[in-house]
Amino acid sequence: MTNTRRRAAGWRAATALLLSGALVGLAGCAGGGAATPAEDIPAEGTDDGTTLTLWTRAPLEKQANLLVDAYNASHENQVELTVVPNDDYVAKVGAAAGSGGLPDLFAADIVYVPNWVEQGLFQDISAQVDGLDYKDQINQGHLSAGTDADGKEHVLPFVLDLSMLFWNKELFEEAGLDPEKAPATMAEYADAAKKIQALGKDGVYGTATGLNCGGCLVFTWFPSIWASGEEVLSDDGHESLLANDAAKEVYDTWRDLWESGAVLPSSQDEAGPTWTAGFTEGNVGLMFYPATLLSSTPFDAGVAGIPGVDGGASTFVGGDGIGISKDSEKAAQAWNFLTWLMSEEAQVDVLAKDNDVVSRADFADNEYAAKDPRLVTINEVASQGDTPVALNFQQAFNAPGSPWLTLVRNAVLEGTDTVDTDNDAITEILAQ
């Protein structure tokens, strides 16, 4: 697999000139007061009773509340958390950036981080990050997404969210499948889904996905392509590679599953809000599913990396990065929160204890993971995953009616032979 850091760096070098106008315009905006010079920030920041503001988007509300509550209980500084509806977050950040009203700290979906870094929304924390003796243990996909064309770092991981293969062990056993063994290939995945469908249980389906949700499909289908040894984007993020042989095999597998009736019918129109509900309710045999939902899955589920066409395993390293905003005048205190966020207290005693993914590889096999081998699996697969980076990622993949959605819906629901043409349409957006 192409190294994430190298590919992200290549994208930033290619887009720095394109974004220079936005940077110039932003420099003239209000805000960005007298922040503490980076060289004057203590290694662990300053804990002096300052009130800090933090924004995050709603999907990470549970983890954000746990982290903020734990920090506030153990520090003089106090963090005031604002949770913003997911669909409103980008607009809220954009408006605040223009008026100088960003909070001290804010988290961002990792696919948006590169744009916001290049637009100057985060302060440079390179000196602080480089001073961490465990820097090489921090998730590299998130660090890379926050590194600009000059190699300066701006974010740390806030909460990781990995896409994983989950299966309902009870339904597996009923279908004559080994409940302790994960499907190792896409063909085995399809076979398991069909066997569960063949049980004929009312309201139960083999698998499910979000066929009208570009972000869901990116999160769960890209890993099958990576696990097959292929890439989804060119190194500079300007070309879509989603018409390669492995990708076409993935689409064909899902087309076959759809035609066989093994896919939850509501998947056809699922735009994201309820795309995991069928599995969580025990009515879907197996699916590609967010690791952050492990703690709220109410039955015995198996967990593994997402398989490729002929084997392998990968994951989409998603979730949010977090940094100090350009408008904060409390950088030393904000860094205190960030360095605590990377500590064992936060990563293990808060996140791992809640069955969430840790952001440091050296904490992967922790006391809580030892009690649940699934957590070890999730943490280990994180190092086999990737985070795609492209200037126009939102328009090409996540937006309603994106060319990526058109490609998938044509290939899976309509069975048209238009993958190459539809892939070219994705490239047209990426190349703009």
Side-chain angles (χ1 to χ4, degrees), residues 54-75 78-84 86 105-110 134 137-139 141-142 155-169 219 275-277 279-282 287-305 315-322 337-383 385:
L54 165 61
W55 290 359
T56 188
R57 58 195 182 98
L60 300 181
E61 180 175 8
K62 181 189 72 167
Q63 293 89 347
N65 276 316
L66 289 171
L67 289 164
V68 167
D69 287 348
Y71 179 82
N72 287 347
S74 57
H75 290 74
Q78 295 293 287
V79 175
E80 294 182 350
L81 176 66
T82 298
V83 178
V84 181
N86 194 53
L105 295 147
F106 71 102
D109 188 321
I110 203 64
Y134 51 81
Q137 299 295 323
I138 299 173
N139 182 270
H142 278 224
V155 305
L156 289 170
F158 184 45
V159 176
L160 295 189
D161 194 8
L162 309 181
S163 49
M164 301 290 291
L165 165 57
F166 275 56
W167 67 95
N168 184 314
K169 290 186 178 182
F219 187 58
W275 74 284
T276 61
F279 184 84
T280 305
E281 293 165 359
M287 73 178 293
F288 304 146
Y289 189 80
T292 49
L293 296 185
L294 175 61
S295 60
S296 57
T297 301
F299 52 82
D300 191 10
V303 178
T315 181
F316 189 110
V317 184
D320 284 29
I322 186 171
F337 177 80
L338 292 181
T339 189
W340 173 84
L341 182 63
M342 293 295 99
S343 71
E344 184 171 7
E345 180 183 352
Q347 293 294 310
V348 177
D349 296 336
V350 177
L351 292 174
K353 185 178 180 179
D354 189 56
N355 287 347
D356 287 311
V357 184
V358 295
S359 299
R360 283 178 52 177
D362 52 337
F363 292 151
D365 192 5
N366 56 72
E367 61 179 294
Y368 300 102
K371 299 175 184 177
D372 188 344
R374 298 175 301 178
L375 291 173
V376 178
T377 297
I378 292 169
N379 291 333
E380 289 176 347
V381 172
S383 65

Looking only at heavy atoms, what is the nearest atom pair of [X] and [Y], with distance?
| X | Y | value |
| --- | --- | --- |
| Thr276 | Pro290 | CG2-CD, 3.7 Å |
| Ser295 | Asn355 | CB-CB, 3.6 Å |
| Phe363 | Met342 | CE1-O, 3.9 Å |
| Val303 | Trp167 | N-CZ3, 3.4 Å |
| Asn379 | Ala364 | ND2-O, 3.0 Å |
| Asp362 | Gln137 | N-OE1, 3.2 Å |

*Taking the six-membered ring for Trp and the single ring otherwise, decide whether the centroids of Phe299 and Phe279 are under 6.0 Å apart.*
yes

Distance, nearest 0.5 Å, that separates [atom1] of [X] from [atom2] of [Y]:
| X | Y | atom1 | atom2 | answer |
| --- | --- | --- | --- | --- |
| Asp365 | Glu380 | CG | CD | 7.5 Å |
| Asn86 | Asp109 | CG | CG | 7.5 Å |
| Leu81 | Asp69 | CG | CG | 8.5 Å |

Short question: side chain of [X], backbone of [Y] - any donor-acceptor pair under 3.5 Å?
| X | Y | result |
| --- | --- | --- |
| Arg374 | Ala301 | yes |
| Gln347 | Leu341 | yes |
| Ser343 | Thr339 | no |

Quick one: are [X] and [Y] in side-chain contact, heavy atoms under 4.5 Å?
| X | Y | answer |
| --- | --- | --- |
| Leu375 | Asp372 | yes |
| Phe106 | Ile322 | no |
| Val83 | Trp55 | no |
| Arg57 | Asp320 | yes |
| Asn72 | Val79 | yes |
| Val358 | Asn366 | yes |
| Leu294 | Asp356 | no |

Which side-chain N or O atoms in residues 155-165 pair as donor and acceptor under 3.5 Å with protein atoms at least two apart or in another chain?
unit_1 : atom_1 : unit_2 : atom_2 : d
Asp161 : OD1    : Thr292 : N      : 3.3
Asp161 : OD1    : Thr292 : OG1    : 3.0
Asp161 : OD2    : Thr292 : OG1    : 3.4
Ser163 : OG     : Phe219 : O      : 2.7
Ser163 : OG     : Phe316 : N      : 2.9

*Check the angle between the aromatic planes of His75 and Tyr71 and answer parallel, tilted or perpendicular using the 30° and 60° thresholds.*
parallel

*Would you sort out whether Lys62 and Asp354 count as a side chain to side chain contact (heavy atoms under 4.5 Å, CB included), showing the intermediate values?*
CA-CA 10 Å; Lys62 181 189 72 167; Asp354 189 56; 3.0 Å; yes

_The test is side chain to side chain contact (heavy atoms under 4.5 Å, CB included); show your working for Leu293 and Phe166 and say whether it passes._
CA-CA 10 Å; Leu293 296 185; Phe166 275 56; 5.9 Å; no

